[in-house]
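The next block holds one structure in the form of structure tokens; read it before the comments.
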Amino acid sequence: MSIFDVSGKAMSAQMVRLNATASNLANAGTVAGSAETAYRSRRPIFAAALDQASSARATVEVERVVTTDLEPTRRLEPGHPLADKDGYVWEAAVDSNAELVDMMEAARQYQNNVEVLRTAKGLMMSTLRLGQ
């Protein structure tokens, strides 16, 4: 596994994280007729991926994407078409502030891996120029 493989897998994992966050933000504020059908935010679970040839090299992979334990918020809106018999709707269980922080963090991690690739490429090019 080369540095390009390690950074590539890390970037792929961060893209899954960014996509989950974007989906959560897109569903923030949506309502449903019951707590069971209300949207709940999703989070990727990461696991270390070790290189079979060398245990010194590792990267990350997405093991699975899970639904969080946040509970939807019950809100009284008797005129809403999705309201239950008591006039309540259930708002999606998404913490927009936490999602924005997570999005910024994932974007920074992605950018860090871009810089790693850029540096590795520059070092390889410098090494090739030494032989000229």
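What's counted below: heavy atoms across the whole structure, side chains too, no hydrogens, waters or symmetry copies.
- Looking at residues two or more places apart in sequence or on another chain, you find a side-chain hydrogen bond (donor to acceptor under 3.5 Å, both in side chains) between Glu99 and Asn24, Arg43.
- Cluster membership check: Val65 shares its hydrophobic cluster with Val60, using side-chain heavy-atom separations under 4.5 Å among Ile, Leu, Val, Met, Phe, Trp and Tyr.
- Of all non-hydrogen atoms in Leu25 and Leu100, the two that sit nearest each other are CD1-CD2, 3.9 Å.
- Listed by chain and residue number, Tyr39 satisfy the side-chain hydrogen bond (donor to acceptor under 3.5 Å, both in side chains) test with Ser23 (two or more places apart in sequence, or in another chain).
- Residues passing the side-chain hydrogen bond (donor to acceptor under 3.5 Å, both in side chains) test with Arg40, sequence neighbours excluded: Glu71.
- Smallest separation of non-hydrogen atoms from Ala32 and Leu82: CA-CD1, 4.1 Å.
- Looking at heavy atoms from C-beta onward, Arg118 lies in side-chain contact with Glu115 at the 4.5 angstrom threshold.
- With sequence neighbours excluded, no residue forms a salt bridge (charged side-chain N to carboxylate O under 4.0 Å, His left out) with Glu36.
- To the nearest 0.5 Å, atoms CZ (Arg74) and CG (Asp86) are separated by 7.0 Å.
- Judged as a side-chain hydrogen bond (donor to acceptor under 3.5 Å, both in side chains), the pairs with a partner in residues 88-98 (not counting sequence neighbours) are, in order, Arg75-Glu91.
- The CE atom of Met11 sits 11.0 Å away from atom CG of Leu18, with the distance rounded to the nearest 0.5 Å.
- Following chains of ILVMFWY side-chain contacts shorter than 4.5 Å, one can reach Val114 starting from Met124, so the two form part of one hydrophobic cluster.
- With respect to Arg108 and Glu105, no salt bridge is recorded, no charged nitrogen being found less than 4.0 Å from a carboxylate O.
- The minimum heavy-atom distance between Ser41 and Leu70, with the atom names listed, is OG-CD1, 4.1 Å.
- Met104 belongs to no hydrophobic cluster, as no Ile, Leu, Val, Met, Phe, Trp or Tyr side chain comes under 4.5 Å of its own.
- Within the 4.5 Å cutoff, side-chain heavy atoms of Val116 are placed close to those of Ile3.
- Closest approach of Tyr110 to Met15, counting heavy atoms only: CE1-CG, 3.7 Å.
- Residues Asn113 and Val6 form no side-chain contact, since every pair of their non-hydrogen atoms from C-beta on lies 4.5 Å or further apart.
- Considering all non-hydrogen atoms of both residues, Gly33 and Thr37 come closest at N-OG1, 4.0 Å.
- The closest donor-acceptor contact from the side chain of Thr127 to the backbone of Leu123 lies under 3.5 Å.
- In plain terms, the two heavy atoms of Pro78 and Ala83 that are nearest each other are O-CB, 4.2 Å.
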